[in-house]
Visitor: 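The following block contains the structure, expressed as structure tokens.
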Number of protein chains: 2
Amino acid sequence: MRQTSFADMHCSLARSLEVIGDWWSPLILRDIHLGLRRFGELVEDLGIPRALLAARLDALVGGAVIEKVEYQQRPSRHEYRLTEAGRDLVPVLLALTAWGDRWRSPDGAPIVAHHRCGATTPPAIVCAGCGEPIVAGDLDYSAGPGAATARGTQLIAGVLAGGGRR
Amino acid sequence: MRQTSFADMHCSLARSLEVIGDWWSPLILRDIHLGLRRFGELVEDLGIPRALLAARLDALVGGAVIEKVEYQQRPSRHEYRLTEAGRDLVPVLLALTAWGDRWRSPDGAPIVAHHRCGATTPPAIVCAGCGEPIVAGDLDYSAGPGAATARGTQLIAGVLAGGGRR
DNA sequence: AGGCTTCGGTTCAATAGTTGAACTGACTAG
DNA sequence: CTAGTCAGTTCAACTATTGAACCGAAGCCT
């Protein structure tokens, strides 16, 4: 019996979590993005058990969000870098960080991001159609082409078909 | 010793994960947002063990992202609803879902979100200063007021002080 | 009144994952 | 030829997850 896999759920959130939903994975990605790319640096920065880091890195490589690159030969040494999919995840992690800044960091943000335009304001999640910031209450949902009634969306399918419940 | 807590790390991403970083928690929040608010509905939709759901709901209530509300008396029955902090998390979950749509759902999105403006396009994460979509390479970082050198940011502090490494 | 059903959990034993310390192996520098 | 660096692996103790069974309060049916 393994920890339940989300890979087969017909939900993109579940599939995303299958790749980066483990306890340490988002922090590993943060560190790699910030420039800590070597095994030893990650161990030292995070205090993560070495066995677990090795397993997580393998999983992230398998999930194609990072890749293992040789940075020197003799002795052969490797480091980890974000792939394109991994870089595409950075804004999401930044948005989650901003949430933590808003709701969990009364003493101020520990890390401040600067956009190349000079702004240090938190990111905004906006509708690509109208440009307005997205607010939970402004959303509605319908079933897409990949929908199914199965574990993880056993009732969701019905809720969506019924025009939603919210 | 239990699973390492991220609560004391000086990183808002770690603090966010402390609340919603567990394996099932984001899916539970998704379901509650979509209208599945009762214990039994969540069990049926997700196939999550009842003991685990009870523990996760308690933790999410403790983390102030959901609240337990009585929806009928005699017999007393409760449901779970997003708090303001929980609703503020919805756009982030939507962004993570969109990432899964882009990179993990070759057959098309299982769930399609509609903004009240009519658009069904995925959300965009933009810089609140200039309005441009945020791309990993356009970011730089510096230490904020809450920074510290401790587990979770043992090396990060130095990297930020040195003007970054990226 | 007595029995069946619903809802929202709790309990439990088996299994799987996490932890931290110690160890390994390839290689280099001195 | 000894010590050191880096990137892991191994291992035993401990925790967490799983899924099935059980529980209790209350309403409904006859």
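Residue numbering restarts at 1 for every chain, and letters A, B, ... go by the order of the sequence lines.
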Visitor: Measure the distance from CH2 on A/Trp23 to C1' on C/dT19 and round it to the nearest whole Å.
Guide: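 Atom-to-atom, A/Trp23 to C/dT19, this comes out as 15 Å.
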Visitor: D/dT17 phosphate, OP1 or OP2: any side-chain N/O from A/Thr4 under 4.0 angstrom?
Guide: no
Visitor: Could you tell me which non-hydrogen atom of A/Asp107 sits nearest to which non-hydrogen atom of B/Pro145, and how far apart they are?
Guide: O-CB, 3.9 Å
Visitor: Side chains of A/Ser105 and B/Ser12: donor-acceptor distance under 3.5 Å anywhere?
Guide: yes
Visitor: Using OP1 and OP2 only, check whether a side-chain N or O of B/Trp24 sits under 4.0 Å from D/dT18.
Guide: yes
Visitor: Would you say D/dG19 has OP1 or OP2 under 4.0 Å from some side-chain N or O of A/Arg151?
Guide: yes
Visitor: Have a look at B/Tyr141 and tell me which of A/His33, A/His115, A/His114 forms a ring-ring contact (aromatic ring centres under 6.0 Å, His included) with it.
Guide: A/His33
Visitor: For nucleotides 4-9 of chain D, read 5' to 3', which letter fits each nucleotide if B means a protein heavy atom sits under 4.0 Å from the base, S means only the sugar-phosphate is that close, and - means neither?
Guide: -BBBBB
Visitor: Can you tell me how far P of D/dA26 sits from CD of B/Gln73, to the nearest Å?
Guide: 12 Å
Visitor: Is a salt bridge present between B/Arg81 and B/Glu79, judged by a nitrogen-to-oxygen distance below 4.0 Å?
Guide: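 Looking at B/Arg81 and B/Glu79, the cut-off is met.
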Visitor: Without decimals, in angstroms, what is the distance between B/Leu42 CG and C/dG8 C1'?
Guide: 12 Å
Visitor: Would you please name every residue forming a side chain to side chain donor-acceptor pair (under 3.5 Å) with A/Asp22, sequence neighbours left out?
Guide: none
Visitor: Report whether A/Leu160 and B/Val112 are members of the same hydrophobic cluster (ILVMFWY, side-chain heavy atoms less than 4.5 Å apart, transitive linking).
Guide: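 As far as the 4.5 Å side-chain criterion goes, B/Val112 and A/Leu160 are not connected within one cluster.
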Visitor: Which of residues 7-18 of chain B have a heavy atom under 4.0 Å from DNA chain C?
Guide: none
Visitor: On the ring face of A/Tyr71, is A/Arg38 found with NZ or CZ under 6.0 Å from the centre and within 45° of the axis?
Guide: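 The answer is yes, since A/Arg38 meets both limits relative to A/Tyr71.
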Visitor: Please report the distance, rounded to the nearest Å, between CG in B/Leu36 and P in C/dC7.
Guide: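 In whole Å, C/dC7 P lies 14 Å from B/Leu36 CG.
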Visitor: Expressed in angstrom and rounded to an integer, what is the separation of B/Glu44 atom CD from D/dG19 atom P?
Guide: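 About 16 Å, once rounded to whole Å.
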Visitor: Salt bridge or not between A/Arg30 and A/Asp45? Use side-chain N to carboxylate O under 4.0 Å.
Guide: yes
Visitor: B/Leu52 has an atom CG; how far is it from atom C1' of C/dG17, in whole Å?
Guide: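 Between C1' of C/dG17 and CG of B/Leu52: 13 Å.
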Visitor: Do we see a donor-acceptor contact under 3.5 Å between the side chains of B/Glu70 and B/Ser76?
Guide: yes
Visitor: What's the CZ-C1' distance between B/Phe6 and C/dT19, to the nearest Å?
Guide: 13 Å
Visitor: Just compare D/dT17, D/dG19, C/dT19 and give me whichever is closest to any side-chain atom of A/Gln3.
Guide: D/dT17
Visitor: In whole Å, I'd like the distance from the CD1 atom of B/Ile28 to the C1' atom of C/dG8.
Guide: 15 Å
